[in-house]
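Computation of the quantities below employed the complete heavy-atom set of this structure, encompassing side-chain atoms and omitting hydrogens, waters and symmetry-equivalent molecules. The sequence lines fix the lettering, A, B, ..., with proteins before strands; numbering per chain opens at 1.
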Amino acid sequence: MTTTKQKTFKRLVSVLAAALALFAFTEHAQAQQILLTGPLAGAPAVRKLRLHRQGRFEFAPAVSFTLLDEYQRTILLGARLNYNFTDWLAFGAWGALGSAIRIPTYLTDQVQAVNASRRTPAADPNSLDRRLTAVNLGPDFKKQLAGIDWVVAPQLTAVPFRGKLALFQSIYLDTDLYFFGGPAFVGLTERKNCGSAGEASCAGNYDTTQRMAIAPTFGLGFTFYINKWSALGFEYRGLPFSWNTGGFDTAGSGKDKKFPDNKITNDDRQFNFNQLLTVSYNIYLPFQYRVSE
Amino acid sequence: MKSSPIGLLVAVALGIFPAQSWAAGKGKAAAAKDSKGAAAASATVDADAAPAADATTTPAAGADAAAAGGDAAGDTGDEGGSETPGGSGLEDICKIDPAACPNLDMDKEAARPLKEQIFAVQQAYALRVRRLELQLGWSFSLNDQFVSHPAPVLALNYYITNVLAIGLNGAYYAPFNVDKSFNGQVRRAARVSVPLTEYQWAAALNFTYVPAYGKFAGFGDFIFHYDAYVVGGVGAISVRPIPVIDPDNRNFSFEPKLAFNAGIGLRIFFNRWFAAVMEVRDYVFNDKLENLTPGVGAQASNKATWYGETSLTNNVQAQVGAAIFLPFSFDYRLPK
């Protein structure tokens, strides 16, 4: 290392140390201010808190909507069941079915429109487009799309933030903000592998099959308590895993396997950060909540 | 010499006494910790003590309510402090003018029902009225799986009332558009081209309405305040197609389009002038897409043939950032 580089490095370290010291100092001073001059020093932040969760079961029928879908949107119908050990910690599971309501995106309609036009009786069955898409496009593109059939996710929920909301200065609701996480077991319908040794050729074979993916799931949500035993919930969930959403051959050969290989294999599964928004109606049992000191 | 320690003790006691009475009068900690004490103090004055009762009756309102109670008790202390040194000031008034002599039955007064108006959320933490809000943030697209449109955003809002603001916002997209690899994969796999659009900038005049505010207790230990708002407005967004059908011949220029927007946001206050902001807003505009049919021969370079259908486009952007309210301080004039 040259002298100039050493000097620069030392300066950088000095600046970083000074910045860290400043941050540390500010935080420390703020804490001191609360402890020494706060009029409520020693008093709890909240008194007589309505403990909506502690010692209660939560059963929440829920509707979930997938976001940023490439080919197909899914509406999942399900429910969440939690047992709240304390007001800030719960364990339970979320489960949902997604096979009932699926809505193709605009892109899917466009692809299928072009695909259908190539397959009219008047169209040349040996055209360049037909030959180059023989592995990827069946007669009905919508039938080869992947979809989420079901999800079961055992999860731990932490509720660090609890508060209240004034709406138009006339409606007052208790609220909480929670975070959750856990493993998810996802049932998928996906295009069947083809073209490899021992498998059928991909041209003319666009069947789908079912498999289960295991993925992490996590997110956050708001609860708005309507009365002693029910609440409205809004939740955002991430559910990242790899799948072949379009049933296309996009990878498997060439450098880093990033080029098509005329086969449908596991390499064609692309990593997707799947996202869902959930709306739920939460019911708490027993119906009566406790109140803190 | 022997009496000097006693004298010193008396001097110390005299020195401490005024401070003690001031502390007792201020009584915030006492009000928070012991509502009975606060109620007893309030009996000597009057209704300002009602918020002290609120400290024990309004769940989840602990800090604010207790603070309000503390103020009430503070008033008590001030008045008590002014009379105590005088000793029999009240008796003197009664001797001079019996009509002015207060004649209250304290038991009756104590038994009288209190009809104080109690707000569920005591005092909004940060008033917005007649303050300028400067928002700085970063936005990213939520609904475009083909081209992502991240952008720095800047907004200025002036609050005409505590809940209504008029303002301007702008975003600069030009260097940040990302044509995702997914587009190439679809073109290669299905031999179908999807028209793509990139953005340059957006600006709008907006109205903001703040219907909801509240507070959260974090880990049961500290309290922070937040509000939620809806925003809507009209402005322009400058866009152009990314040539994918005939990139050799087509070169589009940015053109501004009329754009309407509507969204919702959440502000979390760190202090009375600085807050974190999260917002989701939909910018709706009519987008002229690239013509899916390439021109032949001389027609290929004819600009009139480059554009195809017009599509109503929703550009849903999520924004995270910070808000600074100016001036930094404000006078609280709303009822408690």
Side-chain angles (χ1 to χ4, degrees), chain A residues 34 38-50 67-71 87-88 105-107 110-115 118 128-130 132-133 135-137 141 160-169 171-177 246-251 258-260 270 275 291-292, chain B residues 26-33 35 55-63 65-67 70-71 74 119-121 124 141-146 163 181-182 184-186 188-195 211-228 266 292 311 316:
Chain A
I34 291 166
L40 297 171
V46 185
R47 290 178 184 275
K48 300 277 184 187
L49 184 69
R50 288 190 276 261
L67 300 176
L68 281 173
D69 300 289
E70 293 161 348
Y71 301 106
D87 210 46
W88 56 271
T105 61
Y106 176 74
L107 173 63
Q110 292 287 101
V111 170
Q112 180 52 28
V114 174
N115 185 34
R118 289 177 188 153
L128 182 66
D129 288 334
R130 282 289 294 275
L132 289 176
T133 60
V135 170
N136 293 313
L137 282 176
F141 177 53
F161 300 116
R162 178 56 216 287
K164 58 181 178 175
L165 172 74
L167 197 59
F168 305 111
Q169 268 286 11
I171 302 167
Y172 304 102
L173 298 171
D174 285 349
T175 61
D176 65 36
L177 170 61
F248 289 155
D249 168 31
T250 53
K258 284 188 175 176
F259 291 90
Q270 304 275 314
Q275 303 166 70
V291 178
S292 76
Chain B
K26 204 71 178 172
K28 287 177 182 174
K33 288 176 182 171
S35 60
T56 57
T57 55
T58 308
D71 288 341
F119 290 80
V121 179
S141 44
L142 282 186
N143 70 328
D144 194 336
Q145 60 270 58
F146 310 114
V163 294
S181 58
F182 169 76
Q185 289 173 356
V186 174
R188 190 170 60 191
R191 292 185 66 77
V192 173
S193 292
V194 178
Y213 69 95
K215 59 184 177 180
F216 271 122
F219 302 98
D221 186 39
F222 59 90
I223 287 175
F224 64 89
H225 296 251
Y226 68 95
D227 66 28
L266 183 75
L292 294 173
S311 165
V316 182

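- With a 4.5 Å cut-off on side-chain heavy atoms, A/Thr133 and A/Arg118 count as touching.
- The closest side-chain heavy-atom distance from B/Tyr226 to A/Phe161 is not below 4.5 Å.
- Atom CZ of B/Arg188 and atom CZ of A/Phe259 lie 6.5 Å apart (nearest 0.5 Å).
- Residue A/Gln270 touches chain B through its side chain alone, counting heavy-atom pairs closer than 4.5 Å.
- When A/Asn115, A/Asp249, A/Thr175 are compared by the number of non-hydrogen pairs under 4.5 Å with chain B, A/Thr175 comes out ahead.
- Summarising the geometry, atom OG1 belonging to A/Thr250 is positioned 8.5 Å from atom CG belonging to A/Asn136; distances are rounded to the nearest 0.5 Å.
- With sequence neighbours left out, the side chain to side chain donor-acceptor pair (under 3.5 Å) criterion links B/Gln145 to no other residue.
- In this structure, no portion of A/Leu173 lies under 4.5 Å from any heavy atom of chain B.
- Between chain A and the residues B/Ala228, B/Ala190, B/Ala217, the most heavy-atom pairs under 4.5 angstrom are made by B/Ala217.
- Heavy-atom pairs under 4.5 Å with chain A peak, among B/Leu142, B/Val316, B/Asp144, at B/Leu142.
- Interface residue A/Asp69: only backbone heavy atoms are found under 4.5 Å from chain B.
- Within the 4.5 angstrom heavy-atom criterion, no atom of A/Phe141 approaches chain B.
- Taking 4.5 Å as the limit, some side-chain heavy atom of A/Leu107 sits within range of a side-chain heavy atom of B/Phe146.
- When heavy atoms are compared at a cutoff of 4.5 Å, B/Asp227 does not approach chain A at all.
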